S.K.: 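Starting off with a structure, shown below.
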Amino acid sequence: MSKYPFNEIEKKWQKYWEENKTFRTIEDESVPEEKRKYVLDMFPYPSGAGLHVGHPEGYTATDIYSRYLRMNGYNVLHPMGFDAFGLPAENYAIKTGTHPYTTTKKNMENFTRQLKSLGFSYDWDREIATCDPEYYHWTQWIFKKLFEKGLAYEASTPINWCPSCKTGLANEEVKEGHCERCGTKVEKKNIRQWILKITAYADRLLEDLDTLDWPESVKTMQRNWIGKSEGAAVFFKLENFDDTLEVYTTRCDTLFGATYMVIAPEHPLVSKLTTKEQKAAVEKYLEDTKHKSDLERTDLAKDKTGVFSGSYAINPVNGERIPIWIADYVLISYGTGAIMAVPAHDDRDWEFAKKFGLPIIEVLKSDVDVQTQAWTEDGIHVNSQWLDGLNKEDAINKMIAWLEEHKCGHKAVNYKLRDWIFSRQRYWGEPIPLVHCPKCGTVAVPDDELPLTLPEVTKYEPSGTGESPLVNVPEWVNTKCPVCGADAKRETNTMPQWAGSCWYYLRYIDPKNNDRFIDPEKEKYWMPVDLYVGGTEHAVLHLLYSRFWHKVLYDLGLVSTKEPFQRLVNQGMITSFAYQKKNKSLVPVDKVSETAPGKFIETETGEEVTQVTAKMSKSLKNVINPDDFIRDYGADSVRMYEMFMGPLTESKPWATAGFMGVYRFLDRVWRIVTEKNIEDKELDKELDKLMNKTIKKVSQDTETLNFNTAISQMMVFVNELNKLETVPKKTLEILALLMSPYTPHIAEEMWALLGHEPSISKEKWPSWDEKKCLDDEVEIVVQINGKLRSRIMMPHNADKEEVLKAVRNDEKTKQWTEGKTIVKEIVVPNKLVNIVVK
RNA sequence: GCGAGAGUGGUGGAAUUGGUAUACACGCUAGUCUUAGGAACUAGUACUUCGGUUUAAGGGUUCGAGUCCCUUCUCUCGCACCA
């Protein structure tokens, strides 16, 4: 009995594919346009921990799809690379002095080894790394395009600042108000930043979502993130000042109910509006809010706080004096940082008005007493002079017309989307290719000086002043102005990690081009990406940023499509089993024993625990390392199990027992090929039918990415073959072809054992004969009043009368219909008959 | 609070989109075998008082509902004082 020698087989074929460049892709012009496909994975950050089980899930899915397409005559671009700038390598450098490139390179080598050990059919000649100067040359070049178009600007903006690490942090590096690295409470600090004007593209980013084949959930998240809202700007004259206060409102029709105004503590008019009497109180309030974190400020459950400024505004519609308050429930970052408060019809305003004793005026007919609770539903206007009796829509239109006529307001649109803070005070990122000249201002580094490479530094630690470690390299910072030649200084901020991933899918198309970022002919050949598979965690970051950059490139005529990723599929997360006590606390896997099927206890205490699914974590001891399984059971098993677990898009738990089932399946296939009699003989009718049905199901399910059910069908087919004494060679050839996208190593070996030349990946995908998939005789289900009562066999496509005749003669049916009146007979061809009786 | 999605055996999950619920796999039970291997093979495995009953709970539409509609509950994810 020979055991399935996966280790030997897998090494052998990986070597073959590499040496023969089996998966090298070229832009073959003879392939018609509709036969060119670009299948892309989200490239990984090469962390020190190596691949986790989530990586092979998405990567296997695209690999199966790519191999399937190639066998169906498509020219497929399927590349891989590394998102190689990133904080872990830099933090490690701060701790140990090891250059981030050294760490990153080592990790990339490890990732490459792991990816190759899974047998993915990437064209490795197209590999890229975002930290490679040949690559970031063009990241800098694209940044220059943004800069030249006026889409990059400098501003002083408050950012998250860790006083212990002496550095600014990205939002994603702040966990619950504390520094992810050292746990220190994060503060706000004003730092000079480079900002990209993504808001200029808000409308197009929103509208073009409709043209994409993306999961509805991701589109919804992007829509919410962009957060377009339509309303009006209203100008309020200020009492005692020759100035106006502008607010944004979606309900300008409730203007008659505005009883006070609120401006954010950061609003530029705060000091001007604060009267002498209120000065002390306002200053104390500003000091208090400054120390609150974003989390504390936006916590819905907290009490409203605020302070009266001492000044008044004039309501433009009725000339009423209304007090101006300062409160942190109004955000400076949305709208104008000022609101008109209508406490009768807004929960937040109502709560604030109650706390500070401000008047509440009903302007929409309410079912409740607005003095005791806010009415936030619709209603007909009251107490609103010339709006009384109107509905919401008509009142809004009439009010906007009035405001425009009297020049105290106009229609306005607002977005939640803010401009993208693009600079980081870090070393390990792309240098921003700009020079600050005292005479010429900020000037771009000329194209022939790109790439502007990172200099060597002795210390990776950021300077204490909120600047990047690059400020400590005077010979790099001090330069000449490219325009006038005067002494000038380089920009020392670097780009965020998102920069490199904004356009990497374009570089794969032309990865070695030293003259331009992409050859337009090649770009036209492959773009857009036909299938993009990755996790859902990038729904509003990478996937929004890259759409933005792509649209800028499109406007410059540098790419031919409006959108980069035509179809997006989110793979589900692979979770793990964990065990939960009655009090909902989780118990590590190694502290639990199974006493009976489905019964688990905590070993030490004997307390009953229930099996639940949870994210993999070190503390729960339920982390699965794919390397272990590849070593012990082979890459084909890992690939196939991850596809067999369930639908690609669902999150599902890793069950090692289930994994063994797939391993046994491959072992069984191996034994059939190596131990059974294989003869070149005709298939009997039943086997031929099953084979054709299998080809059909596997083809259709692979096409639609329903890999789990395709695998089920292969198992059904193999279970049947396993019963045979002598196996027809044809069936095994077909099996090898069907398996080859899923388990390419064993399929190549089978193909060779059956006497064929490699590589099976170059063979044509098998086709099925629809006629052979049909059964001559079909089972017809007989229902009486919708309940299953009998089954009869009928020839395929028997006509209605024939079927009914047979049903009436059926003994069991007779028993159920005897003495009753037949009201109706429904016949579904080849499936069922339903007789309704009384 | 708002938005999106999901609830099917002991477990992961099928169900040609309104037509035989539980395919395939795991686990379990019994047996055969022995190179004792996370082996292989055979049979069984939703519940049942054997009439029937079952797709989170209840109601509706229909000849017929896991699938469509309404109500409720639970879970997951995202956003969250966005004026």
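Bear in mind the structure is a predicted one, so any value in this text is a computation, not a measurement.
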S.K.: Would B/G5 be called syn or anti, given that syn covers angles within 90° of 0?
M.R.: anti
S.K.: Taking the side chain as everything from C-beta on, heavy atoms only, tell me whether A/His410 gets closer than 4.5 Å to A/Ile400.
M.R.: no
S.K.: OP1 or OP2 of B/A83 versus the side-chain N and O atoms of A/Tyr334: is any pair under 4.0 Å?
M.R.: yes
S.K.: For B/G44, is chi within 90° of 0 (syn) or not (anti)?
M.R.: anti
S.K.: Among B/C79, B/C26, B/C63, which is the nearest nucleotide to the side chain of A/Ala657?
M.R.: B/C26
S.K.: What's the gap between B/U11 and B/G7 when it is taken at their P atoms, as a whole Å value?
M.R.: 15 Å
S.K.: What integer number of Å spans the C1' atoms of B/G37 and B/U49?
M.R.: 45 Å
S.K.: Over how many whole Å does the gap from A/Phe577 atom CZ to B/G10 atom P extend?
M.R.: 14 Å
S.K.: Do NZ/NE/NH1/NH2 and the carboxylate oxygens of A/Asp328 and A/Lys304 come within less than 4.0 Å?
M.R.: no
S.K.: Would you measure the distance from the C1' atom in B/U35 across to the matching atom in B/G44 and give it in whole Å?
M.R.: 29 Å
S.K.: Counting only Watson-Crick or G-U wobble pairs whose two distances fall under 3.5 Å, which nucleotide matches B/G18?
M.R.: none
S.K.: Check this for me: does the side-chain of A/Lys304 come within 3.5 Å of the base of B/C81 through a donor and an acceptor?
M.R.: yes
S.K.: Which comes earlier along RNA chain B counting from the 5' end, the contact point of A/Asn224 or that of A/Pro653, where each point is its nearest nucleotide?
M.R.: A/Asn224
S.K.: Measure from CH2 on A/Trp325 to P on B/A83 and round the result to the nearest Å.
M.R.: 24 Å
S.K.: Tell me if the centroids of the rings in A/Tyr633 and A/Phe6 come within less than 6.0 Å of each other.
M.R.: no
S.K.: Can you measure A/Lys787 atom NZ to B/G52 atom C1' for me and round it to whole angstrom units?
M.R.: 9 Å
S.K.: I want to verify a distance call: between B/C63, B/U20, B/G12, whose nearest atom is closest to the A/Lys824 side chain?
M.R.: B/C63
S.K.: What is the base-pairing partner of B/U61, counting Watson-Crick and G-U wobble geometry with both distances under 3.5 Å?
M.R.: none
S.K.: Among B/U20, B/A23, B/G19, which is the nearest nucleotide to the side chain of A/Val828?
M.R.: B/G19
S.K.: Tell whether A/Tyr641 reaches the base of B/G12 with its side chain through a donor-acceptor pair below 3.5 angstrom.
M.R.: no
S.K.: Does the structure show a Watson-Crick or G-U wobble partner for B/C73, both distances under 3.5 Å? Name it, or say none.
M.R.: B/G7
S.K.: Please determine if a side-chain N or O atom of A/Asn719 lies less than 4.0 Å away from the OP1 or OP2 oxygen of B/A25.
M.R.: yes
S.K.: Expressed as a whole number of angstroms, how long is the span from A/Gln571:CD to B/C77:P?
M.R.: 17 Å
S.K.: Could you state the CH2-P distance from A/Trp670 to B/G37, rounded to the nearest angstrom?
M.R.: 22 Å
S.K.: For the residue pair A/Ile835 and A/Gln783, establish whether any side-chain heavy-atom pair is separated by less than 4.5 Å.
M.R.: no
S.K.: Taking only the side-chain heavy atoms of A/Asn834 (C-beta and beyond), determine which of B/A83, B/U20, B/G64 contains the nearest atom.
M.R.: B/G64
S.K.: Compare all side-chain heavy atoms of A/Met261 with those of A/Pro323 and state whether any distance is below 4.5 angstrom.
M.R.: no
S.K.: Taking the P atom in each of B/U20 and B/G66, what is the distance between them to the nearest angstrom?
M.R.: 10 Å
S.K.: Can you check whether A/Arg668 has a side-chain N or O nearer than 4.0 Å to OP1 or OP2 of B/A39?
M.R.: no
S.K.: Atom NZ of residue position A/Lys812 - does it have more than 12 heavy atoms of other residues, nucleotides or ligands inside 6.0 Å?
M.R.: no
S.K.: Any strand counts, and the cut-off is 3.5 Å on both contacts for Watson-Crick or G-U wobble. Which nucleotide pairs with B/C24?
M.R.: B/G12
S.K.: Taking the side chain of A/Leu832 as its heavy atoms from C-beta onward, which of B/G38, B/C24, B/G19 lies nearest to it?
M.R.: B/G19
S.K.: Between A/Ser217 and A/Gly658, which is nearer to the 5' end of RNA chain B once each is assigned its nearest nucleotide?
M.R.: A/Ser217
S.K.: If you check the A/Thr220 side chain, which of B/G78, B/G64, B/G3 turns out closest?
M.R.: B/G3
S.K.: Find the partner of B/C2: check Watson-Crick (N1-N3 plus N6-O4 or O6-N4) and G-U wobble (N1-O2, O6-N3) distances, both under 3.5 Å, and reply none if neither fits.
M.R.: B/G78
S.K.: Would you indicate, yes or no, if B/A14 has its OP1 or OP2 atom less than 4.0 angstrom from a side-chain nitrogen or oxygen of A/Asn708?
M.R.: yes
S.K.: Would you mind reading off the distance between A/Leu788 atom CG and B/G52 atom C1', rounded to a whole angstrom?
M.R.: 13 Å
S.K.: If you compare every side-chain N and O of A/Arg664 against the phosphate oxygens of B/G27 (OP1, OP2), does one of them come in below 4.0 Å?
M.R.: yes
S.K.: Output the rounded distance in Å from CG (A/Asn785) to P (B/G64).
M.R.: 8 Å
S.K.: Can A/Arg808 and A/Glu825 be counted as an ion pair, charged N to O under 4.0 angstrom?
M.R.: yes
S.K.: So which nucleotide from B/A14, B/C24, B/G64 ends up closest to the side chain of A/Thr709?
M.R.: B/A14
S.K.: Rounded to the nearest Å, what distance is computed from the CG atom of residue A/Asn570 to the C1' atom of nucleotide B/A4?
M.R.: 12 Å
S.K.: So, is A/Arg789 close to the B/U20 phosphate, meaning a side-chain N or O under 4.0 Å from OP1 or OP2?
M.R.: no
S.K.: Looking at A/Trp654 versus A/Tyr641, is the centre-to-centre ring distance below 6.0 Å?
M.R.: yes
S.K.: According to a strict under-4.0 Å criterion, is A/Lys652 in side-chain N/O contact with OP1 or OP2 of B/G12?
M.R.: no
S.K.: Would you mind pulling out the nucleotide paired to B/C41, Watson-Crick or G-U wobble, both distances under 3.5 Å?
M.R.: B/G31
S.K.: Can you find a donor-acceptor pair, distance only, under 3.5 Å between A/Glu779 side chain and B/U20 base?
M.R.: yes
